[in-house]
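Below is one structure, written out as structure tokens; the observations come after it.
For the single chain, residues carry numbers from 1 onward in sequence order.
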Amino acid sequence: MASANALLALVFSSLCLLARRAAGDYGYGAWQSAHATFYGGGDASGTMGGACGYGNMYSSGYGTNTAALSTALFNDGAACGSCYELRCDNDGQWCLPGSITVTATNFCPPNYGLPSDDGGWCNPPRPHFDMAQPAFLQIAQYRAGIVPVAYRRVPCVKKGGIRFTINGHSYFNLVLVTNVAGAGDVRSVSIKGSSTGWQAMSRNWGQNWQSNSYLDGQSLSFQVTASDGRTVTSNGVAPAGWQFGQTFEGGQF
């Protein structure tokens with residue numbers, strides 16, 4: 001009987017852990033209040049590039065469901081790639097029904113020359129989403145300009161594996177990490193050449209990670225750890241003949 005009770009307790013504990021993870025242990029689940037505006041034009045062409053380093057949002061797979069985050073949310077670039085569900089909140093004149101999930105791809109800088117409640121929307125400590133215009137128009141009318149929103153972190157859903165774009169030059173490998181599912185934002189990256197051990201990379205900016213090792217002519221493996229502590233290892237993802245400027249696809253969360 002004691003062993004049966006212990007087994008039941010273990011099963012219950014495991015179920016509780018899974019429930020906590022789904023409900024918000026890693027920042028998922030809890031609705032919070034913020035505001036949203038839009039930028040980038042009707043085709044979202046003005047959202048290309050950005051402080052996360054993703055470049056062309058279409059070719060990198062992010063499309064138009066994107067947003068620039070205020071200082072309070074951006075976390076010096078650590079939030080790049082995280083996903084948020086947004087819905088227009090308590091504005092009967094301008095809100096549209098439903099919600100949208102956006103990926104953080106850019107930074108909305110503060111404007112200290114304007115009050116936080118009148119133009120300085122992204123001033124600290126305000127949580128704010130400056131959404132790509134097509135995304136904004138899915139939850140609010142264009143004429144609104146700015147609307148109150150409810151938001152929450154949600155897992156990112158992506159097609160295919162994590163992508164590694166190798167830029168830089170010998171002794172300066174700058175790897176852009178994109179298309180990350182799950183938590184979406186990356187806490188750490190390690191790289192291993194076929195003739196080296198694992199080496200921690202440092203965040204250069206956004207989701208660009210650098211290594212100063214000489215790795216030319218070696219096949220490359222990567223380990224990506226997300227903000228929820230989960231790690232994906234992609235072994236030999238880049239063959240020995242890789243070239244700077246190429247993109248390779250690895251495993252996925």
Q. Sub-3.5 Å donor-acceptor pair from the side chain of Asn106 to the main-chain atoms of Ala51, do we have one?
A. yes

Q: Would you mind checking if Asp228 and Arg153 are paired as a salt bridge, meaning a charged N to carboxylate O distance below 4.0 Å?
A: no

(Q) Could you check whether any side-chain N or O of Asn123 sits under 3.5 Å from a backbone N or O of Asn111, counting only pairs where one atom can act as donor and the other as acceptor? (A) yes

Q. Going by the ring pair (Phe, Tyr, Trp, His ring centres under 6.0 Å) test, which pairs reach into residues 87-112, not counting sequence neighbours?
A. Phe74-Phe107

Q: Evaluate the side-chain proximity of Tyr62 to Thr178: yes if any heavy-atom separation is below 4.5 Å, no if none is.
A: yes

Q. Just wondering, do Ile191 and Leu215 contact through their side chains at under 4.5 Å, heavy atoms?
A. yes

(Q) Are the side chains of Val154 and Tyr84 in contact, using a 4.5 Å heavy-atom criterion? (A) no

Please table the atom pairs, donor to acceptor, closer than 3.5 Å between any side-chain atom in residues 240-250 and protein atoms at least two apart or in another chain.
residue	atom	partner	partner atom	Å
Trp242	NE1	Gln218	O	2.8
Gln243	NE2	Gly241	O	3.4
Gln246	OE1	Gln243	N	2.6
Thr247	OG1	Thr165	OG1	2.7
Glu249	OE2	Gly161	N	2.8

Q: Test side-chain contact (heavy atoms from CB on, under 4.5 Å) on Leu174 and Trp209 and set out the steps.
A: CA-CA 6 Å; Leu174 192 65; Trp209 296 78; over 6 Å; no

Q | Val177 vs Val189 side-chain heavy atoms within contact, under 4.5 Å | A | yes

Q: Check step by step if side-chain contact (heavy atoms from CB on, under 4.5 Å) holds for Ser221 and Trp198.
A: CA-CA 9 Å; Ser221 302; Trp198 286 105; 3.7 Å; yes

Q. Which heavy-atom pair separates Asp185 from Ala78 by the least distance, and what is that distance?
A. CB-O, 3.2 Å

(Q) For a quick check under 3.5 Å, do Thr231 and Thr225 share a side-chain donor-acceptor pair by atom type? (A) yes

Q.
If I take atom SG from residue Cys83 and atom CG from residue Asn65, how far apart are they, to the nearest 0.5 angstrom?
A. 10.0 Å

Q) With sequence neighbours excluded, what pairs up with Phe222 under the ring-ring contact (aromatic ring centres under 6.0 Å, His included) test? A) Phe164

**Q.** Worked verdict on Val149 versus Ile139 for side-chain contact (heavy atoms from CB on, under 4.5 Å)
**A.** CA-CA 9 Å; Val149 295; Ile139 62 169; 4.1 Å; yes

(Q) For the backbone of Asn56 and the side chain of Ser60, can you confirm whether one donor and one acceptor N or O come within less than 3.5 Å of each other? (A) yes

Q. Would a distance-only check, ignoring hydrogens and angles, find a side-chain to backbone donor-acceptor pair under 3.5 Å from Gln223 to Ser234?
A. no

Q: Could you tell me which non-hydrogen atom of Cys108 sits nearest to which non-hydrogen atom of Ala68, and how far apart they are?
A: N-CB, 3.8 Å

Q | Side chain proximity check, Met57 to Thr105, heavy atoms < 4.5 angstrom | A | yes

**Q.** Considering all heavy atoms, the nearest Cys156-Gly184 contact
**A.** SG-CA, 3.8 Å

(Q) Could you tell me if Lys158 and Thr103 have a donor-acceptor pair between their side chains, going purely by distance under 3.5 Å? (A) yes

Q.
Determine whether Ile100 and Glu85 satisfy the following criterion, side-chain contact (heavy atoms from CB on, under 4.5 Å), listing intermediate values before the conclusion.
A. CA-CA 6 Å; Ile100 186 174; Glu85 182 181 6; over 6 Å; no

**Q.** Shortest non-hydrogen contact from Ala183 toward Ser227
**A.** CB-OG, 3.6 Å

Q | More than 12 heavy atoms from other groups under 6.0 Å of CG on Asp76 | A | no

Q.
Side chains of Met131 and Val102, heavy atoms from C-beta outward: is any pair under 4.5 Å?
A. yes

Q: Drop me the distance from Ser82's OG to Asn75's CG, to the nearest 0.5 angstrom.
A: 9.5 Å

Q) When you look at Asn212 and Gln210, which way does the side chain to side chain donor-acceptor pair (under 3.5 Å) test go after all the steps? A) CA-CA 7 Å; Asn212 295 328; Gln210 78 175 71; 3.3 Å; yes

Q.
For Gln199 and Ser213, which I'm curious about, is there any donor-acceptor pair between the side chains at under 3.5 Å?
A. yes

Q) How about Thr64 and Thr47: do any of their side-chain heavy atoms sit closer than 4.5 Å? A) no

**Q.** Residue pairs passing the salt bridge (Lys or Arg N to Asp or Glu O under 4.0 Å) test where at least one lies in residues 118-136, sequence neighbours excluded
**A.** none

Q: Find out whether Val180 and Ile162 are in side-chain contact, i.e. whether some heavy atom of one side chain is under 4.5 Å from a heavy atom of the other.
A: yes

(Q) Would a single hydrophobic cluster contain both Phe253 and Leu176, if residues Ile, Leu, Val, Met, Phe, Trp and Tyr are joined by side-chain heavy-atom contacts under 4.5 Å? (A) no

Q: Compute the ring centroids of Phe136 and Tyr39, then answer whether they are less than 6.0 Å apart.
A: no

(Q) Using the rule that Ile, Leu, Val, Met, Phe, Trp and Tyr join whenever any side-chain heavy atoms are under 4.5 Å apart, tell me whether Val186 and Leu73 fall into a single cluster. (A) no

(Q) Hydrophobic cluster membership, with links at side-chain heavy-atom distances under 4.5 Å among I/L/V/M/F/W/Y: are Leu137 and Tyr151 in one? (A) yes

Q: List the atom of Asn90, the atom of Pro148, and the distance in Å for their closest heavy-atom pair.
A: O-CG, 4.4 Å

Q.
List the residues meeting ring-ring contact (aromatic ring centres under 6.0 Å, His included) with Tyr58, not counting sequence neighbours, and say none if there are none.
A. none

Q | Residues clustered with Trp121, ILVMFWY side-chain links under 4.5 angstrom | A | Ile146

Q | For the student: nearest non-hydrogen atoms of Tyr54 and Ala104, plus distance | A | CE1-O, 3.8 Å

